[in-house]
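Here is the structure we will look at.
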Amino acid sequence: MTQQMDGAVDLTNCDREPIHIPGSILPHGAMLVVDPATMLVEQVAGDTLGLFGRDAASLTGQGLADLLNAEQLQRLRELLQSSSLARPRHLLDPLLRVVPDRAIDASVHLSDGALVIEVEDADLSDRHAVDPLACVQEMFDGLGDAPDLQAYCQLAAERVRAVAGYDRVMVYRFMPDDSGWVFAEARHDDITPFLDLHYPASDIPKQARTLYLTSWLRLITEVDYTPAPLLPSINPRSGLPLDMSHATLRDVSPIHREYLRNMGVDASMSISIIFEGRLWGLIACHHHTPRRLPRHLRGVCELFGSMFSLQLEVRLRAEQLEARLLSRKALSGIMHALASEDDYGAGLVAQQQQLLDYIEAGGLALRVGQTRGGVAIRVNSGITALGNTPDDDQIGALTDWLTQRMGTFEGVYATDRLGEDYPPAKAYAEIASGLLAVSVSREPRDFVLWFRPEVVETVQWGGDPNKPMEVGPNGIRLTPRKSFEAWTETVRGRSTPWSPSDNDAAFDLRVSLLEVVLRRIDAAARERLRAWQQEQLLMAELDHRVKNTLASIQAMVAQTSRSASSLAAFTHGLDRRIRSMSRAHSLLTQS
């Protein structure tokens, strides 16, 4: 949200809040924005007097040589030459402590061509300050031995809490609809658990998610503070506000601070969990009193988040690979059986049971008493079904709708809430809330469809996710919700979600079936070509023989006409010659 002239905050659209250019920083640190070519200070913010011994006015426009010694300046120049500095480089280095005999830690990065230097007090009393690498090794000791994903995340939450000391550490996992799920939690014994609670997608705006992808770690030392403005507010060289996407000291959105205040949280830290270039989740840390985590521990936690994400990716990819290998084996059996069938459609129908087993229509983990799903095949306008499926008319209407949408999902369509996309499906949600459809032809549309039944689920939300927006004290203004008590919602019309492995298996089946279709089309084309060539050969031979016969008849007519004395004699003679030729052909045929 943007700061208004009267000091009020316009929060009319949270998703458009320019949180990457707040124009101010957290007040406990200091920031210098420097022209890397001239090493002149262009902008200043924060506690420069306490950390540098100089006020902001005396630093602006001055050279770094007035603040740093020659050795320190050389170190910065070496960093500029040897590193892109696209992300902050933590300088846990006594050489770069500006004030003699004072423990100050720094970080540097480049933003829009400017060198951004951030400094804070160091904490050398912490036991990990001497050897941060040993701390990382302790955090990862045995982490890879966790038997499953939930245990892996739970152990990670416990390790981060042991090092960072927050009251609560959660592994917060994002769902396909962008809502959040507290997947694992380590907490102080006397606070209310959040484990297994869900939070609506609106709790974390889109631009905040983007910044979580940009920067691995985000820290809020305390909720109630007065931001320290960057002076001047516009960079004199670029004419633009400073992009603080990577800045550790970046000021926090006022609406997010109000949200934390409503939760009773006074300090927080978030570590990004990134999988395949997407934000998979966060390691979210909450504290009920102000907490200033020293930079060396932030560096440890940032490295932990990066390595945790890599190990998570290895785990998830291994699971996907195992599932894909199993599905490929099943697919091989289906295609082998289809290869011996003359009728492609009949072959598919004969493989119904194998197709139902190929993608387990009841879900990867069938619940006790849960109804199994079904599979339907529409080929050559005929419909065949196995298991629990809609009726033929409903399947026909559904495939007609899918045909109209084909261009938007490229041959494979998957949903765990069919009624939301296709309202007529609400009538049979009990047996077909989930649909995985594979198109296996072009015209007419042939489909293989898997159905999954509705799973009525009770979801525990951290507050009412459908709570309407309120009008705040400053007029039309979004106000963060104040209640975070567990709120129960019964979810209907949804099935067990299709996994990435299910989608991969469906895509593999489509490719394989299209190859069969194309091979059969190619074989039919070759057969037609051979038939046409044979036809041309027979026509040429027939033409040749007919012409020979006509030539022979013409010769007999001419010869008979020369020896005949009357028309009757000509007719009699020609008849005898034709009969003789017929007998000769018969003798040739018999021999």
Side-chain angles (χ1 to χ4, degrees), residues 127-128 131-176 179-189 191 193-199 212-213 216-218 268-286 293 297-327 360 363-367 459-460 462 496-502 504:
R127 67 186 183 91
H128 299 297
D131 190 359
L133 181 59
C135 177
V136 176
Q137 291 172 331
E138 286 179 20
M139 293 176 76
F140 272 97
D141 185 30
L143 190 67
D145 299 330
D148 54 44
L149 183 61
Q150 205 284 328
Y152 176 66
C153 292
Q154 179 62 37
L155 193 54
E158 292 169 2
R159 296 287 172 83
V160 171
R161 183 167 183 265
V163 167
Y166 285 89
D167 291 334
R168 185 196 312 271
V169 176
M170 302 168 285
V171 174
Y172 187 81
R173 182 176 177 180
F174 291 116
M175 307 307 289
S179 64
W181 174 24
V182 181
F183 190 60
E185 179 185 44
R187 60 183 175 84
H188 199 280
D189 292 339
I191 62 176
F194 284 174
L195 184 64
D196 210 33
L197 289 183
H198 292 247
Y199 292 84
Y212 282 128
L213 277 174
W216 282 96
L217 186 140
R218 184 76 180 102
S268 72
M269 179 176 69
S270 300
I271 306 168
S272 301
I273 304 172
I274 298 173
F275 171 61
E276 293 184 338
R278 295 178 292 105
L279 190 63
W280 186 89
L282 298 170
I283 300 176
C285 310
H286 288 171
L293 199 68
L297 285 184
R298 297 209 301 271
V300 165
C301 290
E302 188 173 341
L303 180 59
F304 179 83
S306 177
M307 295 175 68
F308 176 85
S309 295
L310 290 175
Q311 282 200 15
L312 175 75
E313 187 160 348
V314 169
R315 278 177 171 266
L316 295 179
R317 285 185 179 276
E319 289 178 4
Q320 291 175 7
L321 177 61
E322 183 179 2
R324 190 116 189 219
L325 289 174
L326 289 173
S327 72
E360 203 169 40
L364 293 179
L366 286 173
R367 302 182 183 191
V459 178
Q460 293 287 334
T496 304
W498 305 98
S499 69
S501 299
D502 294 330
D504 289 342

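Please read all numbers here as calculations on a predicted model, not as lab measurements.
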Side chain to side chain contact (heavy atoms under 4.5 Å, CB included) test vs Leu217 passes for just one of Cys301, Ser270, Ser306, namely Cys301
Mind listing the closest non-hydrogen atom pair of Ala157 and Val171 along with its distance?
CB-CG2, 4.3 Å
Show your working on side chain to side chain contact (heavy atoms under 4.5 Å, CB included) between Leu316 and Glu276 and close with a plain yes or no.
CA-CA 10 Å; Leu316 295 179; Glu276 293 184 338; over 6 Å; no
d(Tyr212 OH, Ile271 CD1) to nearest 0.5 Å is 11.0 Å
Partner residues of Phe174 under the ring pair (Phe, Tyr, Trp, His ring centres under 6.0 Å) criterion, sequence neighbours left out:
Tyr172
Residue pair Asp502 / Pro497: nearest heavy atoms and the distance that separates them:
OD2-O, 4.5 Å
Salt bridge (Lys or Arg N to Asp or Glu O under 4.0 Å): which pairs involve residues 298-313, sequence neighbours left out?
Glu120-Arg298, Glu313-Arg317
Heavy-atom check, side chain of Leu282 versus side chain of Arg218, under 4.5 Å:
no
Just list the side-chain donor-acceptor pairs under 3.5 Å for residues 139-150, sequence neighbours left out, or say none.
unit_1: Asp148; atom_1: OD1; unit_2: Gln150; atom_2: N; d: 3.3
unit_1: Asp148; atom_1: OD1; unit_2: Ala151; atom_2: N; d: 2.8
unit_1: Gln150; atom_1: NE2; unit_2: Phe183; atom_2: O; d: 3.0

Are a donor atom and an acceptor atom from the side chains of Asp504 and Ser501 found within less than 3.5 Å of each other?
no
If you measure from CG on Leu155 to CZ on Phe308, what distance do you get to the nearest 0.5 Å?
9.5 Å
Among residues at least two apart in sequence or on other chains, which ones pass side chain to side chain contact (heavy atoms under 4.5 Å, CB included) with Arg127?
Glu138
Taking all heavy atoms of Phe194 and all of Val182, pick out the closest pair and write down the distance.
O-CB, 3.4 Å
Can you give me the closest heavy-atom contact between Cys135 and Val300, atom names plus distance?
SG-CG1, 3.7 Å
When rounded to the nearest 0.5 Å, the distance separating CD1 of Ile273 from CH2 of Trp216 is 9.0 Å
Whether the side chain of Ser272 engages the backbone of Leu213 through a donor-acceptor N/O pair (distance < 3.5 Å, no angle test) should be reported.
no
Listed by chain and number, what are the side-chain hydrogen bond (donor to acceptor under 3.5 Å, both in side chains) partners of Trp280, not counting sequence neighbours?
none
Provide the full list of side-chain hydrogen bond (donor to acceptor under 3.5 Å, both in side chains) pairs with a residue in residues 154-170, sequence neighbours left out, each pair given once.
Gln154-Glu158, Asp167-His287, Asp167-His288, Arg168-Glu185
